Amino acid sequence: MGDTGRARRTPPGQEPSPMPRLALYALAVCVLAVAAAVVSFVQGTWLGIVWVLLAGVSSNMAWYYHRRAKVTG
């Protein structure tokens with residue numbers, strides 16, 4: 001039978017676009033928030049919970065912006 005989905009082809013001479021800038025910024029915030037959470041928990045403060053929540057939000061933003069850029073081409 002075969003594949004029923006359309007193959008996505010880029011025009012000749014055009015490469016797929018790299019990860020958008022907002023997704024990279026959100027990913028950087030996520031990594032920094034995880035590092036801050038680890039430091040907070042190692043020091044024994046409960047402020048790390050706020051950093052974990054910030055890491056969750058920023059990872060969702062990075063995924064969203066990356067996915068949106070992939071869909072819109």
Side-chain angles (χ1 to χ4, degrees):
M1 293 290 194
D3 187 18
T4 57
R6 289 190 323 181
R8 200 166 191 201
R9 296 177 188 223
T10 58
Q14 288 187 351
E15 296 293 322
S17 63
M19 207 168 178
R21 214 175 269 170
L22 284 175
L24 288 175
Y25 291 154
L27 188 63
V29 169
C30 180
V31 169
L32 291 173
V34 168
V38 168
V39 169
S40 293
F41 284 131
V42 166
Q43 289 179 350
T45 62
W46 288 96
L47 187 63
I49 293 173
V50 175
W51 292 115
V52 169
L53 293 174
L54 182 64
V57 169
S58 62
S59 70
N60 285 342
M61 288 175 61
W63 177 84
Y64 170 77
Y65 285 122
H66 177 66
R67 184 75 178 153
R68 188 177 79 171
K70 210 170 161 184
V71 168
T72 58

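Computed from a predicted structure; not experimentally measured. For the numbers below, each heavy atom of this structure counts, side chains included, while hydrogens, waters and symmetry mates do not.
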### Message
Is it the case that the side chain of Ser40 and the backbone of Thr45 share a donor-acceptor pair, with hydrogens and angles ignored and the cut-off at 3.5 Å?
### Response
no
### Query
In terms of hydrophobic clustering (I, L, V, M, F, W, Y; side-chain heavy atoms under 4.5 Å; direct or indirect links), are Val57 and Tyr64 co-clustered?
yes
### Query
Could you state the interatomic distance from CG (Leu32) to CG (Leu27), rounded to the nearest 0.5 Å?
9.5 Å
### Summary
On a heavy-atom basis, the closest approach of Ala55 and Cys30 is O-SG, 3.5 Å
### Message
Quick check: do Val52 and Phe41 have side-chain heavy atoms less than 4.5 Å from each other?
### Response
yes
### Task
Identify the heavy atoms of Ala62 and Ala26 that sit nearest to each other, and give their distance.
N-CB, 3.6 Å
### Message
Count I, L, V, M, F, W, Y as connected when their side-chain heavy atoms are under 4.5 Å apart, and connections chain through other members. Are Val38 and Val31 then in the same cluster?
### Response
no
### Query
Can you find a pair of side-chain heavy atoms, one from Trp51 and one from Leu54, that are under 4.5 Å apart?
yes
### Message
Testing the basics here: between Ala23 and His66, what is the closest heavy-atom pair and its distance to 0.1 Å?
### Response
CB-N, 3.9 Å
